[in-house]
Amino acid sequence: MATHCKDYDFLQIEPHWQSFWDQTKAFRAENQSSLPKYYVLDMFPYPSGAGLHIGHPEGYTATDILARYKRARGFNVLHPIGWDAFGLPAEQHAVKTGTHPASNTQNNITNFRRQIKALGFSYDWDREVDTTDPKYFRWTQWIFLQLFKKGLAYVDERPVWWCPELRTVLANEEVVDGKSEVGGFPVERKNLRQWVLRITAYAEQLIDGLKDVDWPDSTKRMQEAWIGRSEGAEVLFKLEDPALGDLKIFTTRPDTLFGCTYMVIAPEHPLVDALTVPAQREAVKAYRFKTASKSDLERTDLAKDKSGVFSGSYAVNPINHERVPVWIADYVLMGYGTGAIMAVPAHDDRDHEFAVQYNLPIIRVIAAADGSTELPYTGDGKMMNSPGYNGLAWPEAKQQITAALAARHIGKGTINYKLRDWLFSRQRYWGEPFPIAWVSEADYRRAAAVRTDLPAQPVKFAENGVTQFALPLPDAALPLVLPDVQSYLPSGTGESALANETAWLEIWLEVTTGASVPATQPQPAGPNWVRARRETNTMPQWAGSCWYYLRYLDPQNSSAIASEAALKYWGVPDLYVGGAEHAVLHLLYARFWHKVLFDLGVVPQSEPFTRLFHQGIILGEDGVKMSKSRGNVVNPDDIISAYGADSLRMYLMFLGPLEAMKPWNPKGIEGVLRFLRKVWRECLSEEGEPNPRIAAGAVLSAATEKLLHETIKKVGDDIEGMRFNTAISQMMILLNALQKEPALPRQTMLDVLRLLAPFAPHISEELWARLGQTGSVMTAGWPVFDPNKLVANSVTIVIQVNGKHRGDVTVPVDVTEPELVKLASAQPKVIPHLTDKPIKKTIYVKGRLINILV
RNA sequence: GCCCGGGUGGCGGAAUGGUAUACGCAACAGACUUAAAAUCUGUGACCUGAAAGGGUGUGUGGGUUCGAGUCCCACCCCGGGCACCA
C-alpha cells in the first residue's frame, strides 16, 4: 500500500496517496446514513486562466482539516467543490480569440481541478458542480422562474455604464475615473431595460435573520449597514399653491418639526417644474443641467460643497403653519425616501452646512444636556421652542408628534431602507439566459388562458410606444441554452451578442410547452403558437453562486434542485469559509434566494449559512498584496514541487490566525518541512524501516505522557475553534518532547499520526501504513485523551511579593495557602524581600501563584 | 466624516486578569563530519552590575486592581468597510 522510499520523498508519496483516495472514493458522502452529518463548504472558485491563487488553498486547507477531523470523529461529512464558471474574463477572451467561452472555461477548470487534487483536499468529486453546465443552470433558471411567478422580478429602465468605443456595457468595477478600465475610453450613463429583483421585499427578514447566525460581527454589521433600516415618519407639507397638493417628505426626526426652516427636493423630483416660479426658471434649469451632467462619481466626490437653488415656492409647516421656502439641491437623493426633506439646520450637519451657505434661518429645538449652545447639535436632549412638547426627551416627542400627525392624517410612522432592488441583468453573452420570451398583450392573454404559472401581475415593458409582456417558459422547457454565435461582441445597441442571433431570438413559441421554431419559418399549426422575441439579457455571475450549496446535496437530480430527503438530511452548511470581500453582496443575495425558497417550501430552513468564517488575505513577501505587476505572487504549483503539499498546507495554517492578514515568508515553510521530516524520522529508520525506538512495551515519562494527553485535547479543541496555528505549535512541542524520550510506545506514534492526519494527510497515511497499520489513517478514528492524565500531582507556583515576581516553588497540588506561604517565605530569593516587613495579606491563585503583600 | 479590526523581540506570531515573548523563521556559538548539507545542543528584549542581583519593558498618556498585553478613559498610527440615505 505504502511507497518504499527511505527518505521523506513527498513527490513520490503525495501522488501515491492522492490516487489511492481517488480510486477508493475515500471522500464520498452518502446521502443515506445513520451517522450525524457535517456539511463544510468552501466558497467555490472562479476558474481563471491564471490558475489557483495561494489564497484559495488557505481557506480550503482550513475546511479540509475540519472535514477530515469530523470524519475521524464519526461524522458523515459533506465536503464538495465546484466551479463558478460564468464570468467576464472568459467572455473577453472569447471576444478576442473568437473561440467559445465554454472551451476556455473547461480548460481552466481542468487546470484548477489538477491543482486542487495536488493539494490533497478531501472533496467528494462525485458532487462537483459547474454553473455553466446546462444541467446545473437549468435550476438557476428554475429558481428565477419561481421568483418571477412570485412577483419578485420586474423590468425597469435603469442607468448602466455604457462605453461607446467598446460597444459594451461595463460593470461598476470596470469603470475607473469615468473611463473604461480596458483601453481608457470614456463611458457614459445610459438607460437600458433591466431585470430587477425585489430584494427590498425581504429587507426586514434579511435584518432579522442575522440574529440567528454565527457570523463575524463585522460582517453582520456590514449587512445591517447595507440594508440600512431607519425608522421615522412621512409627513405631508401643504404647498402654498393649493393646486399643487402636498409635498411628502421622509424624516427620522419628526420631533424636530418645529425646527424646520426650509425644505429641499431632489433635482429629479417630479414637482420641480411645478414649484419653480417664473423668476427662478432659468436658475433652476441651469442647476438641473449641471447636476444631471455630473456622474454619480462626481456627485459623491463633490460631497464637500453643498449647492442648490431656490424654487421660489413655499410650503406650510403642518405643526406651526409657518411658511417655509422650498429649495432644490442635489444633496437630497431621489432614490431614497420620498426625494424630499424638511431641513432642520439646527440638528443636522448637512442642513446646517446648506443653511449657512445660503443664509437660511436656524432654529434650535433640542437643548443640549450640558447646556452648550453649539450648532448643529445631534446629541440627546430635551425639547425646546416646540409649544406643547417642551421639556420632553426627544424620543418621547418623536412618538407623540408622529401620533399627532397620524391623527390629522398628514403623517405616519414609516421605515425606510437604503437597500435597493437588485439589478439582475447583464448585457452579456456568457451567462444564464433568462427563460423569458417577450410577446404582445394579446398573445400574453392567450397564454394566460392556458397557463397557471404566470405571476399575479404581468411583467411588461413599454418601448417606442409598444408594450411587450414577459412570458416565462414553462418549467419543462428548461434549460434554455445559449445559442452558438458568430461573434461574442455585444450588438452595439446595448444588447448582448444574443441580439444578433435572429434564428434563436425571433421565434414562434408554443406557450404551453415552450417549444420554438425560428420566426423565419411558417407559423406551426396549433392554437398555442405565438410570435415571440427572446430576452437577450443574461444573468449576473451572482446567480449561479446564489444556490450552489444546495445543488451539492444531490447534484445529479434531474427532477428537482435536490431531493426532499437530501435537503432534509444535509440541510444547510454547518460551516462556510470564504473571503470577507463577499461579506455583503454574495452573502446577501444568497440569503435572499434562500428565504424565497424557504417561503416556497423548497428548503426547510430560513437561513443558508449558520456559521461563517472569513480567512484573511496572504500578502506577498514584501508585505503588500500579491500582484503580477509587483512580482510577489506565490504559485502553489512551485511550492508543492519544492516542499510538498503537506508542507504547504501546514505552513498556510501555521502562518498565523486564519482570519488575519499575514505576509508569506519563503523561509518559514522550511520550518514545517523540518517538522514533517522529524515526524518521519521518529517513525522510520534511515533504511525506511520502523524506528527501533518504537516498542510496544515502551513507557513515556510522566511529563511527556501528560503532554501527549494535553496535545490530544488541545489539537481537537483548536480545530473546532479554527485555531490551526496553535494546534500545529502544540504538535511541534509534543514532537520535541518525544524526541527526547529513550523509547516510544507504538501507540503514542499512532496517536501522533492520527492528530497530524487532518493537517498533513499524505505523510500521515504513509507512516501509518509503514508502521504496519492496515487501512487508512482516516478511518482509524480520533485519539482520546484521559482527563486524569491532565492533572499533575505537583505544580510550580509563582511567588510574588507586592505583585513582583520573586521566584517560584514546586509544591504538591493540594498544598494549602498557609503551607505555601511558609514554603515561599523560606525561598532564598524571597527572604530579602520579606525581612523586617510584616505580611499584611496573601493572595493565592490555586495552582498558579501566591502574592505576598507586605 | 462615520462604523469595524489591529499595534507584543530582527521577522510571523503565543499568552482563562496571574512567570510576557510559547511555537516557528532568521542570527550566533558548539557537537557530529576531511568538508559541506542534514541533524542535534545551547544563546538570544533593554538598562545596570564582575557576578548574584536590581531596574525598565506589549503604540502614547492616564485610571481600576494585590496584580493589566488583557478591563476602563483619552489620544496617535496602520488595515478594512461605508459615504450627502434625511
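Note that the structure is predicted; figures quoted are calculated from it, not measured.
- Looking at heavy-atom distances under 4.0 Å, Thr842(A) makes no contact with the nucleic acid at all.
- If you take atom C1' in rU65(B) and the same atom in rG18(B), they sit 12 Å apart, rounded to whole Å.
- When each of rG79(B), rA86(B), rG18(B) is scored by its nearest atom to the side-chain atoms of Thr251(A), the top-ranked nucleotide is rA86(B).
- Side chain to side chain, Asn416(A) and Ser230(A) fail the donor-acceptor criterion of an N or O pair below 3.5 Å.
- The nucleotide rA29(B) finds its pairing partner in rU41(B), both defining distances of the Watson-Crick or G-U wobble pair being shorter than 3.5 Å.
- rG9(B) makes up no base pair with any nucleotide shown, lacking Watson-Crick or G-U wobble contacts both under 3.5 Å.
- Looking at residues 720-728 of chain A, you'll see Asn725(A), Thr726(A) sit with a heavy atom under 4.0 Å from some atom of RNA chain B.
- In this structure, the CD atom of Gln223(A) is 13 Å from the C1' atom of rG81(B), given to the nearest Å.
- Side-chain atoms of Thr338(A) and Glu234(A) include no donor-acceptor pair closer than 3.5 Å.
- Rounded to the nearest Å, the gap between the P atom of rC28(B) and that of rG80(B) is 36 Å.
- At most 12 heavy atoms of other shown residues, nucleotides or ligands fall within 6.0 angstrom of atom NZ in Lys248(A).
- Side-chain atoms of Phe654(A) lie closest to rC23(B) of the nucleotides rC23(B), rC84(B), rA86(B).
- Syn is the classification of rG9(B), since its glycosidic angle stays within 90° of 0.
- Atom NZ of Lys306(A) is separated from atom C1' of rC84(B) by 5 Å (rounded to the nearest Å).
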Item to check | Working for salt bridge (charged side-chain N to carboxylate O under 4.0 Å, His left out), residues Glu231(A) and Lys398(A) | outcome: CA-CA 11 Å; Glu231(A) 257 176 72; Lys398(A) 177 175 174 176; 5.9 Å; no

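- Nucleotides rA51(B) and rU41(B) place their C1' atoms 25 Å apart, quoted to the nearest Å.
- Between rC78(B) and rC72(B), the distance separating the two P atoms is 24 Å to the nearest Å.
- For Thr252(A), the side chain to side chain donor-acceptor pair (under 3.5 Å) test picks out no residue, with sequence neighbours left out.
- The shortest distance between the side-chain N/O atoms of Arg674(A) and the OP1/OP2 oxygens of rC25(B) is below 4.0 Å.
- Comparing rU19(B), rC40(B), rG79(B) by their nearest atom to the side chain of Met661(A) picks out rG79(B).
- Between the CG atom of Asn665(A) and the P atom of rG10(B) there is a distance of 16 Å, rounded to whole Å.
- Glu670(A) has its CD atom 15 Å from the C1' atom of rG12(B), to the nearest Å.
- Distance from the side chain of Ser218(A) is smallest to rC4(B) among rA22(B), rC4(B), rG18(B).
- The nucleotide rG79(B) finds its pairing partner in rC4(B), both defining distances of the Watson-Crick or G-U wobble pair being shorter than 3.5 Å.
- Other residues, nucleotides and ligands contribute at most 12 non-hydrogen atoms within 6.0 Å of the CZ atom of Arg630(A).
- Taking the side chain of Lys740(A) as heavy atoms from C-beta on, and the options rC84(B), rU41(B), rU16(B), the nearest nucleotide is rU41(B).
- Put simply, the side chain of Arg806(A) and the base of rU19(B) share no donor and acceptor less than 3.5 Å apart.
- In this structure, the CG atom of Leu210(A) is 20 Å from the P atom of rC3(B), given to the nearest Å.
- Between Arg723(A) and Asp718(A) a salt bridge is recorded (basic side-chain N to carboxylate O distance below 4.0 Å).
- In this structure, Lys418(A) does not reach the rA83(B) phosphate: none of its side-chain N or O atoms is under 4.0 Å from OP1 or OP2.
- In the set rA86(B), rC84(B), rU16(B), rU16(B) carries the atom at the smallest distance from any side-chain atom of Arg848(A).
- rU19(B): no Watson-Crick or G-U partner with both key distances under 3.5 Å is found in any strand.
- For the residue pair Tyr651(A) and Asn665(A), no side-chain donor N or O sits within less than 3.5 Å of a side-chain acceptor on the partner.
- Among the candidates Thr61(A), Leu676(A), Ile65(A), the single residue satisfying the side-chain contact (heavy atoms from CB on, under 4.5 Å) test with Phe759(A) is Ile65(A).
- Annotation: rC76(B) and rC25(B) have their P atoms spaced 40 Å apart (nearest Å).
- Both Ala225(A) and Asp351(A) sit near RNA chain B, but only Ala225(A) has its closest nucleotide nearer the 5' end.
- Here the separation of rA52(B) from rU58(B), taken at their C1' atoms, is 28 Å to the nearest Å.
- Leu849(A) has its CG atom 10 Å from the P atom of rG18(B), to the nearest Å.
- The phosphate of rG24(B) (OP1 or OP2) has a side-chain N or O of Asn736(A) nearer than 4.0 angstrom.
- Nucleic acid contact class of Arg221(A) (heavy atoms, under 4.0 Å, all strands): sugar-phosphate only.
- If you find the closest nucleotide of RNA chain B to Arg420(A) and to Val798(A), the one lying nearer the 5' end belongs to Val798(A).
- Residue Lys840(A) is classed as having no contact, given no heavy-atom separation below 4.0 Å to the nucleic acid.
- Which of rG12(B), rC40(B), rA86(B) sits closest to the side chain of Arg681(A) comes down to rC40(B).
- Below 30°, between 30° and 60°, or above 60°: for Phe354(A) and Tyr331(A) the angle between ring planes is between 30° and 60°, a tilted geometry.
- Protein atom CG of Leu756(A) is 15 Å distant from nucleotide atom C1' of rC23(B), rounded to whole Å.
- Closest to the Ile341(A) side chain, of the nucleotides rC40(B), rG13(B), rA86(B), is rA86(B).
- Both distances falling under 3.5 Å, in either a Watson-Crick or a G-U wobble arrangement, occur for no nucleotide opposite rA86(B).
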Checklist entry - In the 5'-to-3' direction, what one-character label does each nucleotide of nucleotides 64-75 of chain B receive under the scheme B = base within less than 4.0 Å of a protein heavy atom, S = sugar-phosphate only, - = no such atom? => result --B---------

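- Look at the C1' atom in both rA20(B) and rG67(B): the space between them is 14 Å, to the nearest Å.
- To the nearest whole angstrom, the two C1' atoms, one in rG7(B) and one in rU43(B), are 29 Å apart.
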